[in-house]
Amino acid sequence: KKGSLERMMFVCGFAVSGYSNTEGRTRKPFNPLLGETFEYLSPEKGFRFFSEKVVHHPTILAAVAEGRGWKWDTAGELKSKFWGRSVEVIPVGTLTLKFHDGEVITYNKVTTLVNNIIIGKMKIEHSGPMKIESTLGVKAKIKFKETGILDRAPHLLKGYIQDRDGNKVATLRGQWSKDLMVEHQGGEECVWKHTMKPEGEPGSRNLPKFTMTLNELFEDERATICPTDTRLRPDQHFLEVGQYSKANDEKLRVEQKQRAARKAAE
């Protein structure tokens with residue numbers, strides 16, 4: 001319902017859920033090439049998504065998604081700082097969710113810190129405030145708490161939701177790697193719960209089953225997807241099947257091709 005507590009609750013769950021798959025994923029990810037795209041279309045779910053890398057330095061990615069009754073888009077830059085034993089990644093930009101009834105909700109992403117990059121076991125933390133605001137005046141704030149040495153529970157979240165008059169109508173708590181609970185006058189309910197990852201499955205890279213399927217490329221898709229689609233990158237597929245030497249050679253080839261193209265354009 002437009003401007004409702006229920007809608008804001010589930011938007012909070014959606015905004016938090018994207019962080020759950022980052023736990024344990026400390027290796028450097030594939031850096032997309034300039035103009036590289038990814039498209040996902042699911043008629044049965046009534047959902048489609050498209051993303052593109054639009055600037056190489058600084059790295060800026062743009063994405064848009066559409067479902068039944070809503071549209072979502074973002075374009076953001078990633079800034080990084082090196083602190084000797086850790087790397088801090090600061091996202092710059094706003095994420096926008098537009099509903100068919102006219103309500104628009106915006107929110108931001110929080111800072112990511114990769115610790116122990118030289119000595120010890122690397123781990124990922126997310127910290128800082130996430131502000132979620134509706135054009136109808138409903139607001140929410142979620143604090144991502146960095147795990148301290150004495151903290152028993154990691155990845156803690158806490159926050160609240162305000163109505164358009166500024167009254168706190170719900171409190172939020174949970175862990176970004178597990179769940180988000182909302183307590184309001186009607187009681188307490190879970191608005192999001194993390195999907196368990198396949199245990200010990202080769203090549204899972206700490207990802208859930210759905211995410212693992214996104215890089216699959218079927219022969220009948222080759223004629224319909226964009227030639228810039230990331231699923232056409234041979235280096236990723238070589239890496240997935242454990243052919244690391246071939247993966248490295250192909251990664252070097254496509255990156256050199258990109259540098260040559262950029263130099264020719266200049």
Side-chain angles (χ1 to χ4, degrees), residues 18 21-40 49-64 74-93 109 112-124 197-198 200-266:
N21 291 327
T22 62
E23 185 183 14
R25 294 176 59 203
T26 53
R27 294 188 178 185
K28 184 181 178 182
F30 265 84
N31 187 22
L33 304 173
L34 179 62
E36 188 171 323
T37 61
F38 178 77
E39 182 177 10
Y40 178 78
F49 171 88
F50 188 85
S51 64
E52 179 181 354
K53 183 175 182 179
V54 293
V55 179
H56 189 59
H57 288 299
T59 298
I60 298 180
L61 305 173
V64 61
T74 184
E77 175 186 347
L78 293 176
K79 293 185 175 181
S80 60
K81 294 181 180 178
F82 178 64
W83 298 104
R85 293 184 297 175
S86 63
V87 174
E88 187 177 27
V89 181
I90 307 164
V92 179
K109 297 186 78 67
T112 296
L113 194 66
V114 183
N115 292 309
N116 304 328
I117 61 174
I118 297 177
I119 299 175
K121 183 179 179 181
M122 283 196 291
K123 63 177 184 177
I124 286 181
K197 303 179 183 70
E201 191 166 326
S204 68
R205 296 179 187 84
N206 211 30
L207 294 172
K209 287 186 177 180
F210 171 73
T211 308
M212 289 169 60
T213 66
L214 295 180
N215 202 44
E216 290 180 344
L217 179 63
F218 300 98
E219 287 304 314
D220 59 346
E221 294 177 313
R222 288 183 180 272
T224 57
I225 65 174
C226 292
T228 54
D229 196 285
T230 189
R231 286 168 290 183
L232 296 172
R233 285 187 65 159
D235 50 355
Q236 290 193 134
H237 293 289
F238 281 134
L239 181 65
E240 285 183 332
V241 297
Q243 297 185 33
Y244 303 114
S245 180
K246 285 187 177 181
N248 190 60
D249 291 343
E250 280 297 312
K251 181 174 183 292
L252 185 61
R253 182 185 66 81
V254 295
E255 288 179 345
Q256 287 177 340
K257 184 179 179 181
Q258 175 181 242
R259 294 188 191 101
R262 186 169 68 246
K263 188 176 180 180
E266 291 172 353

Seminar exercise, completed: NE2 (H237) and CZ (R231) are apart, to the nearest 0.5 Å, by 9.0 Å

For this session: Decide yes or no for V87 and L113: does some side-chain heavy atom of the first lie under 4.5 Å from some side-chain heavy atom of the second?
Result: no

Problem set entry | Worked check of side chain to side chain contact (heavy atoms under 4.5 Å, CB included) between I225 and L217 | CA-CA 10 Å; I225 65 174; L217 179 63; 3.7 Å; yes

Name the atoms and distances for all side-chain donor-acceptor pairs under 3.5 Å in residues 255-266, with sequence neighbours left out.
{"from": "E255", "atom 1": "OE2", "to": "K251", "atom 2": "NZ", "distance (Å)": "2.9"}
{"from": "Q258", "atom 1": "OE1", "to": "L34", "atom 2": "N", "distance (Å)": "2.5"}

Exercise. For residues 209-232, which residue pairs qualify under ring pair (Phe, Tyr, Trp, His ring centres under 6.0 Å), counting only residues two or more places apart or in two chains?
Worked result: Y40-F210

For this session: Apply side chain to side chain contact (heavy atoms under 4.5 Å, CB included) to N248 and list each qualifying residue two or more places apart in sequence or on a separate chain.
Result: none

Problem set entry | side chain to side chain donor-acceptor pair (under 3.5 Å) against R233, all qualifying residues, sequence neighbours excluded | E36, D235

Seminar exercise, completed: To the nearest 0.5 Å, atom NZ of K246 lies from atom CZ of F238 at 5.0 Å

Problem set entry | Whether Q236 side chain and T230 backbone form a donor-acceptor pair below 3.5 Å | yes

Problem set entry | L232 side chain reached by R222 side chain, heavy atoms, under 4.5 Å | yes

Using residues 76-85 as the side-chain source, report each donor-acceptor pair under 3.5 Å to any protein atom, sequence neighbours left out, with the distance given to one decimal.
{"from": "W83", "atom 1": "NE1", "to": "E88", "atom 2": "OE1", "distance (Å)": "3.0"}

Exercise. Is it true that atom CD1 of I118 has more than 12 heavy atoms of other residues, nucleotides or ligands lying nearer than 6.0 Å?
Worked result: yes

Exercise. Are side-chain heavy atoms of E23 and K123 found at a separation under 4.5 Å?
Worked result: no

For this session: Could you pull out the closest heavy-atom pair between N115 and S86, with the gap in Å?
Result: OD1-CB, 3.6 Å

Which side-chain N or O atoms in residues 50-57 pair as donor and acceptor under 3.5 Å with protein atoms at least two apart or in another chain?
{"from": "K53", "atom 1": "NZ", "to": "N31", "atom 2": "OD1", "distance (Å)": "3.2"}
{"from": "K53", "atom 1": "NZ", "to": "P32", "atom 2": "O", "distance (Å)": "2.7"}
{"from": "K53", "atom 1": "NZ", "to": "H56", "atom 2": "ND1", "distance (Å)": "2.9"}

Exercise. Should T112 and T22 count as side-chain neighbours, where that means a heavy-atom distance under 4.5 Å?
Worked result: no

